[in-house]
Each structure stands twice: as structure tokens, then as C-alpha cells.
Amino acid sequence: EFIVSAIADAVKFPFSPGADPKEQLFHYLHEKALLLLLDTFEHLLEGANLLSEMLAAAPGIKLLATSREVLNLQEEWLYPLRGLHYPETENAEHPGTYSAVQLFVERARQVRSDLSLADEQAGIVRICQLAEGMPLALELAAVWAKALRTDEIALEIQRNLDFLSTSLRNVPQRHQSMQAVFEQTRGWLNDEARRVFSSLSVFSGGFRREAAQAVAGVTTR
């Protein structure tokens, strides 16, 4: 119920007493040309219809919503976000041109300024592969560069995902480890979704839709 007031605060619009806040906001936005970023919208899905109403009332408004779930709106255009680009093979040419490698090296040099991509290419590439280019995983791995070589970091990640964690004071608790990220996501799932993911965990390296249907009873929806 606070989406309207949150947007009003973001665009610095003060409500007047008496009139409906939503109507006031829509009237204010009607002549505007704005891009509104609605970050982590997955926990606000019950208010998604408000976005349709806003677009109808203010045709000059564009909405960019990040969400782990689709909003299921007619106006919605989906752009799936995946990990950063990383080398598929250990001996890939020009590894420094890959965005995942660039992020890891940048963060690792914050704790070990003499880290050399040329000297530790194999370990760095392996870390990027194990992290599948996920920025948070790369940043958590980079923190360990102050104590371990990159090949050792890669080995620890392969042994146990719990290794990817940090004790930095100004990192939100939900981003202090990959397990924390998974637990937060799991908390949003209903019982059926948890059952499905548990069943799908028997697969390694991906699976086809037909296999998911056969093993986990997953529908095509």
C-alpha cells in the first residue's frame, strides 16, 4: 500500500490534504517524461496493477522494474538478466576483455594490489566459471585474494559454496554470502515451488523440459 507514496517521495511530489493520493500522483505524472526504476519488485507483485494504471494515466512515463518474478502485465517486456560474460575455456584468448574477469580483477586488487591476470589467469578464469559470472559471487570471491591465490580460491569454491562469504561491515546481511541469497530466495517460494526445485536438484549441468516433467512433474507453465 506504500507504492504510491514511495514513488511520490522519489519524484519529490508533495500530496495535498483531502484528495486521493493516487489520483494526485497520476495527475502530476501525466505531463511528465520520466524513467522510473522500481528495484526488487518481486515482493510487491500484489501492487503490480498500479503500474498498468500509471502507464495509462501518464503515457510519457517509462517503468524499469527489476524482479525475480515476472509481473504478468500486458505492457510488460521481459529482458532476462544473466551473469557477466566469462571465458568458456581456461586458455581463452584475451581474458581481460570479459566483463566477469574485469570485475573480479578490479575487486581483488582492492585487497591485493599486485594481483596479475597474466600470472593467475587459470585461477581467475576458473573462479568466473564457477560463479557463472554472477557479480555478487565474484565480489565475495575477490575478498579472499588478500589471503589466497586465485587457484586456491577456485578450489575452495568447488569444495563448498559456503566459502563465498564476507565480513565487510557495510555489506547488507542478505549479500554477505551466497547461502544468504539462496535462503532469501527460498523464503519467497511456496511449498510446491520448493518441492519442484528439490526434485530438480538431481540434475547436474542443466536439463530439458521433458526431463523436468518426467522427474519433477513440472508443468510447461
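All of these numbers come straight from a predicted model, not from anything done at the bench.
Taking the six-membered ring where the residue is Trp, Phe13 and Tyr28 present parallel rings, their angle staying beneath 30° rather than reaching 60°.
Heavy atoms only, all atoms of each residue included: Leu115 and Ala145 are closest at CD1-CB, 4.4 Å.
Remark: the backbone N or O of Val70 is not paired with any side-chain donor or acceptor of Ser67 at under 3.5 angstrom. The closest donor-acceptor contact from the side chain of Glu76 to the backbone of Leu71 lies under 3.5 Å. In this structure, Gln129 contributes its side chain and Glu88 its backbone to a donor-acceptor pair below 3.5 Å. With hydrogens and angles disregarded, a donor-acceptor distance shorter than 3.5 Å links the side chain of Gln24 to the backbone of Ser16. Of the possible polar contacts, none joining the His85 side chain to the Ala100 backbone as a donor-acceptor pair under 3.5 Å is found.
Salt-bridge annotation for Glu120 and Arg126: absent, with no side-chain N of the basic residue lying under 4.0 Å from a carboxylate O of the acidic one. Look at Glu132 and Arg82 and you find no salt bridge, because none of the NZ, NE, NH1 or NH2 atoms lies under 4.0 Å from a carboxylate O. Salt bridge present: Glu192 and Arg195 bring a charged side-chain N and a carboxylate O closer than 4.0 Å. A salt bridge is defined here as a Lys NZ or Arg NE, NH1 or NH2 lying under 4.0 Å from an Asp or Glu carboxylate O, and Lys22 with Asp20 fails to meet this definition.
Residues Leu155 and Leu140 do not share a hydrophobic cluster, defined by chaining ILVMFWY side chains whose heavy atoms lie under 4.5 Å apart. Follow the hydrophobic side-chain contacts under 4.5 Å out from Tyr86 and you never reach Leu130; the two are in separate clusters. Leu55 and Leu45 end up in the same hydrophobic cluster when Ile, Leu, Val, Met, Phe, Trp and Tyr side chains are linked at under 4.5 Å.
With 3.5 Å as the limit, one finds no donor-acceptor pair spanning the side chains of Gln74 and Ser52.
Atom CG of residue Leu63 and atom CG of residue Leu37 lie 10.0 Å apart, to the nearest 0.5 angstrom.
Contact annotation: the side chain of Leu36 approaches that of Val11 to within less than 4.5 Å [non-hydrogen atoms, C-beta and beyond]. At least one side-chain heavy atom of Met54 sits under 4.5 Å from a side-chain heavy atom of Ile7.
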(message) Please evaluate residues Arg149 and Glu152 with respect to the criterion salt bridge (Lys or Arg N to Asp or Glu O under 4.0 Å), reporting the C-alpha separation (whole Å), side-chain torsions for both, the decisive distance (0.1 Å), and the verdict.
(response) CA-CA 5 Å; Arg149 287 182 54 83; Glu152 296 173 324; 5.9 Å; no

(request) Please lay out, stage by stage, how Phe15 and Val4 fare under the test side-chain contact (heavy atoms from CB on, under 4.5 Å). (result) CA-CA 11 Å; Phe15 292 118; Val4 169; 3.8 Å; yes

